[in-house]
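This report concerns only the one structure given below.
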Amino acid sequence: MPKTTTCEEFLRGVTAYVNKHYKKRMITRLQEHPEDRLTCSAVVFSRICREIWMVGDCQCLIGGELYENPKPYEAELAARRAKEVQRLLDDEGKTVDELCRDDIARTTIIPRMIETMKEQNISYAVIDGFHIPRQHVRIIPLDFQPWELVLASDGYPILCTTLADSEEQLRIQKENDPLNIGRFQATKAFHPDNDSFDDRAYLRLRV
């Protein structure tokens with residue numbers, strides 16, 4: 001997109017880009033079933049506007065200070081899953097390894113997850129090919145002094161000022177709490193065959 005693109009222009013443009021991949025016959029169903037849409041989040045830095053735009057569940061560091069933009073129902077769902085995991089460990093004798101390989105506690109929150117998706121681009125913003133309400137996009141203005149920024153997905157439980165440190169914190173999380181039910185709670189566990197429990201993207205820049 002052109003460097004002079006504003007946040008509003010970005011929202012309209014990215015919506016149109018995703019929407020063109022839907023066939024016309026799909027639109028009615030997608031309006032009623034947001035869980036079937038192509039959906040993602042993004043965190044964008046505009047050098048010209050001196051702004052950071054946060055659409056969906058992403059995070060950033062500005063001069064070392066953390067800014068987050070979680071989905072409104074994520075903590076509730078993660079807590080529900082953590083409670084079910086604990087029940088499976090305590091009452092049914094499941095092992096940590098068993099639940100990491102087959103996260104059956106996650107299946108119990110899927111209906112609620114689908115229900116909350118009906119609120120996307122109504123009570124919270126995502127990129128999904130449908131109108132993104134500007135009031136649910138977090139915009140962080142920057143002044144013109146030098147800044148070090150880190151833009152990242154929410155796949156890092158602890159976001160640090162270097163990629164190496166962020167990856168190390170992720171490794172420690174996997175080692176100490178692979179089910180993600182302790183101080184940091186998530187809607188899924190670490191599978192033993194994977195390095196992480198979620199997608200991760202990390203960009204550091206000085207502006």
Side-chain angles (χ1 to χ4, degrees), residues 1-62 66-78 80-81 103 106-107 109-142 149-157 159 186-188 191 194 196-205 207:
M1 59 187 175
K3 64 182 179 181
T4 55
T5 300
T6 64
C7 181
E8 288 75 11
E9 289 169 339
F10 165 69
L11 298 177
R12 289 196 300 269
V14 75
T15 294
Y17 185 85
V18 174
N19 187 271
K20 73 180 183 180
H21 291 280
Y22 297 142
K23 294 180 173 61
K24 287 185 179 180
R25 59 180 171 78
M26 300 168 61
I27 297 301
T28 299
R29 175 172 176 82
L30 292 174
Q31 287 173 332
E32 298 173 355
H33 294 276
E35 70 273 14
D36 291 339
R37 300 175 191 170
L38 301 170
T39 304
C40 69
S41 301
V43 54
V44 179
F45 169 65
S46 167
R47 185 176 64 86
I48 295 294
C49 298
R50 297 292 291 186
E51 292 176 339
I52 294 172
W53 310 329
M54 305 180 78
V55 188
D57 47 357
C58 48
Q59 55 183 334
C60 68
L61 292 173
I62 304 175
L66 178 65
Y67 293 78
E68 297 178 285
N69 196 46
K71 289 179 181 174
Y73 307 101
E74 197 83 2
E76 170 204 324
L77 291 166
R80 277 195 188 191
R81 177 186 159 274
D103 193 352
R106 178 175 169 80
T107 63
I109 64 171
I110 295 296
R112 175 62 178 151
M113 290 178 72
I114 293 174
E115 182 183 336
T116 63
M117 287 177 188
K118 296 185 186 301
E119 288 296 308
Q120 68 186 49
N121 282 333
I122 296 175
S123 66
Y124 67 93
V126 294
I127 297 168
D128 66 358
F130 288 79
H131 172 71
I132 302 171
R134 162 66 183 77
Q135 68 269 25
H136 295 309
V137 176
R138 186 171 190 182
I139 298 180
I140 305 170
L142 297 178
L149 309 178
V150 173
L151 312 180
S153 69
D154 66 341
Y156 288 103
L159 188 61
T187 58
K188 64 191 85 165
H191 192 281
N194 299 335
S196 187
F197 66 95
D198 204 353
D199 62 277
R200 59 200 198 275
Y202 185 105
L203 174 67
R204 183 179 61 174
L205 61 158
V207 301

What verdict does the side-chain contact (heavy atoms from CB on, under 4.5 Å) test give for Leu38 and Cys40, after you've listed the backbone C-alpha separation in whole Å, the side-chain angles of each residue and the deciding distance to 0.1 Å? CA-CA 7 Å; Leu38 301 170; Cys40 69; over 6 Å; no

Would a distance-only check, ignoring hydrogens and angles, find a side-chain to backbone donor-acceptor pair under 3.5 Å from [X] to [Y]?
X: Thr15; Y: Leu11; value: yes
X: Thr187; Y: Leu77; value: no
X: Ser41; Y: Asp57; value: yes
X: Gln59; Y: Ser153; value: yes
X: Glu9; Y: Thr6; value: yes
X: Arg37; Y: Leu30; value: yes

Out of Leu66, Leu149, Leu151, which residue meets the side-chain contact (heavy atoms from CB on, under 4.5 Å) rule with Leu61?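 Only one of Leu66, Leu149, Leu151 forms a side-chain contact (heavy atoms from CB on, under 4.5 Å) with Leu61, namely Leu66.
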
For the pair Glu76 and Arg80, evaluate salt bridge (Lys or Arg N to Asp or Glu O under 4.0 Å) and give the outcome as yes or no after the intermediate values. CA-CA 6 Å; Glu76 170 204 324; Arg80 277 195 188 191; 3.6 Å; yes

Are the charged groups of [X] and [Y] less than 4.0 angstrom apart, N to O?
X: Glu115; Y: Arg112; result: yes
X: Arg138; Y: Glu68; result: no
X: Asp103; Y: Arg81; result: yes

Return the [atom1] to [atom2] distance between [X] and [Y], rounded to the nearest 0.5 Å.
X: Ile109; Y: Lys188; atom1: CD1; atom2: NZ; answer: 9.5 Å
X: His131; Y: Arg134; atom1: NE2; atom2: CZ; answer: 11.0 Å
X: Thr28; Y: His33; atom1: OG1; atom2: NE2; answer: 10.5 Å
X: Arg47; Y: Leu142; atom1: CZ; atom2: CG; answer: 13.0 Å
X: His136; Y: Tyr124; atom1: NE2; atom2: OH; answer: 11.0 Å

Are [X] and [Y] packed together at the side-chain level, in the sense that at least one heavy-atom pair is separated by less than 4.5 angstrom?
X: Glu51; Y: Ile140; value: no
X: Phe197; Y: His191; value: no
X: Met113; Y: Arg106; value: yes
X: Val18; Y: Ile127; value: yes
X: Arg50; Y: Pro141; value: no

For a quick test of reading the model, state the closest non-hydrogen atom pair linking [X] to [Y] and the distance between them.
X: Gly129; Y: Asn19; result: O-ND2, 2.9 Å
X: Asp198; Y: Gly155; result: CB-CA, 4.1 Å
X: Cys58; Y: Ala42; result: SG-O, 3.5 Å
X: Lys3; Y: Ser46; result: O-OG, 4.5 Å
X: Met117; Y: Pro34; result: O-CB, 3.3 Å
X: Met1; Y: Thr5; result: CB-OG1, 3.7 Å

Under the criterion side-chain contact (heavy atoms from CB on, under 4.5 Å), I'd like the reasoning laid out for Cys7 against Val137: C-alpha separation, chi angles, the key distance, then a yes or no. CA-CA 9 Å; Cys7 181; Val137 176; 4.2 Å; yes

How would you list, by chain and number, every residue that makes a ring pair (Phe, Tyr, Trp, His ring centres under 6.0 Å) with Tyr67, sequence neighbours excluded?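 Listed in chain order: nothing, the list is empty.
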
Let's go through Asp128 and Asn121 carefully: what are the C-alpha distance in whole Å and the side-chain angles of both, what is the deciding distance for side chain to side chain donor-acceptor pair (under 3.5 Å) to 0.1 Å, and is it a yes or a no? CA-CA 8 Å; Asp128 66 358; Asn121 282 333; 2.8 Å; yes

Parallel under 30°, tilted from 30 to 60°, perpendicular over 60°: which one fits the rings of Phe130 and Tyr22?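 The arrangement is tilted - the two ring planes meet at 30° to 60°.
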
Under the criterion side-chain contact (heavy atoms from CB on, under 4.5 Å), I'd like the reasoning laid out for Tyr73 against Ser123: C-alpha separation, chi angles, the key distance, then a yes or no. CA-CA 10 Å; Tyr73 307 101; Ser123 66; 3.7 Å; yes

Could you go step by step and tell me if Leu203 and Phe45 meet the side-chain contact (heavy atoms from CB on, under 4.5 Å) rule? CA-CA 11 Å; Leu203 174 67; Phe45 169 65; over 6 Å; no

